[in-house]
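Just below is one structure, and these are the notes that go with it.
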Amino acid sequence: MGVEGGMKFVKFLLFFFNFIFWLCGLALIVLGILVQVALHSTFMIHDASASAAPLVIIGVGVVIFFIAFFGCCGAWKENYCMITTFAIFLSLVIIVEIGAAIAGYIFRGRVTGIVQNSLTEMISKYNNSTDEFKRTVDKLQEDLKCCGVSNSSDWKNYKPDGNSVPDSCCLNVTVNCGVQAMTNASRVHEEGCQTAVEDLLKKNIQWVIVAALVIAFLQIMGIVFSCMLMRGIRSGYEVM
């Protein structure tokens, strides 16, 4: 049996919301991947807890992507069982998203320690690392216009003279521009990378939290519409 009147409007509204959910799922996957890459590739952070929020967001995005398709089919076919299953799965997803938001908030408070340890490890490994690793470190310092962890002096073991830094620390990057220039403010960035990396990470984590909460709100609306349509189908309205 079909639904009519107000329930027909709810049916199409639920179908529309599921299309929005499908786009939101895709957005969560992209957002989670971008944050994960930023954490472990761009910033080379190896702390396992740093992956919690973005990995959960990616997982939730994949689930939403498929659940939304399932919900669209249920709404279009006015299938009570499919819509009920959709509402249950959506409720579980909301719980997971809230958990991811909490994990992101907790990690946000641990950013300082994790970033400091990761950057310190980055500097200590620089001389004996691969060219790819060095290019990543250099790109980080060039892009953020910083040098070392707290300041340029963190590179004191970079060369035997104890007064040189990688060329990526220079204001104008040229070959050997960092030689004998550790404390020369006219040639190198003396500010460390820790503050810049922390600010960028907190901004990314904040976007993850905001995205999770906004989508959770939209999903609650989807559950409400699902329940309304389930009630309409079960009541056995006149077939259109």
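Positions are given from 1, in the same order as the sequence printed here.
Judged by distance alone, the side chains of N151 and E191 never bring a donor and an acceptor atom under 3.5 Å apart. Looking at Y126 and D138, their side chains do bring a donor and an acceptor atom within 3.5 Å of each other. Between the side chains of T120 and N117, no donor-acceptor pair is found at a separation under 3.5 Å.
Considering all non-hydrogen atoms of both residues, F86 and S226 come closest at CE2-OG, 3.1 Å. Minimum heavy-atom separation, N127 to N157: ND2-O, 3.6 Å. Considering all non-hydrogen atoms of both residues, P166 and Y158 come closest at N-CE2, 3.6 Å. Considering every non-hydrogen atom in both S164 and Q180, the closest pair reads OG-N, 2.9 Å. Between D161 and N163 the shortest heavy-atom distance is OD1-N, 2.7 Å. The minimum heavy-atom distance between G148 and I123, with the atom names listed, is CA-CD1, 3.7 Å.
To the nearest 0.5 Å, the span separating CZ on R135 from CD on E142 amounts to 12.5 Å. One distance of note links OG1 of T85 with CD1 of I67; it measures 10.0 Å at 0.5 Å rounding. To the nearest 0.5 Å, the span separating CE on M182 from CG on D154 amounts to 8.5 Å. Distance check, rounded to the nearest 0.5 Å: CD1 of I220 to CD1 of I94 gives 4.5 Å. Atom OG of S152 and atom CZ of R187 lie 12.0 Å apart (nearest 0.5 Å). Separating the CG atom in L171 from the CG atom in N184 is a distance of 8.5 Å, to the nearest 0.5 Å.
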Practice item. Quick one: do Q141 and C193 satisfy side chain to side chain contact (heavy atoms under 4.5 Å, CB included)? Show the steps, please. Key: CA-CA 7 Å; Q141 294 193 136; C193 297; 3.9 Å; yes

**Study point:** Evaluation steps, side chain to side chain contact (heavy atoms under 4.5 Å, CB included), between V165 and V179
**Key:** CA-CA 6 Å; V165 295; V179 176; over 6 Å; no

**Study point:** From CA spacing to verdict: side chain to side chain contact (heavy atoms under 4.5 Å, CB included), T195, V115
**Key:** CA-CA 9 Å; T195 301; V115 169; over 6 Å; no

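In this structure, L23 is a member of the same hydrophobic cluster as F65, with clusters built from ILVMFWY side-chain heavy atoms closer than 4.5 Å. Placement of L90 and L92 within a single hydrophobic cluster is found when ILVMFWY residues are connected by side-chain heavy-atom separations under 4.5 Å, directly or transitively.
The shortest distance between side-chain heavy atoms of V62 and I29 falls below 4.5 Å.
Cysteines C146 and C169 have SG atoms no closer than 2.5 angstrom. By the SG-distance test at 2.5 Å, a disulfide connects C170 to C177.
Other residues, nucleotides and ligands place no more than 12 heavy atoms under 6.0 Å from the CG atom of N172.
A donor-acceptor pair is defined here as one N or O able to donate and one able to accept, closer than 3.5 Å; such a pair exists between the side chain of D167 and the backbone of G178.
The only member of T136, V149, V137 that meets side chain to side chain contact (heavy atoms under 4.5 Å, CB included) when paired with M122 is V137.
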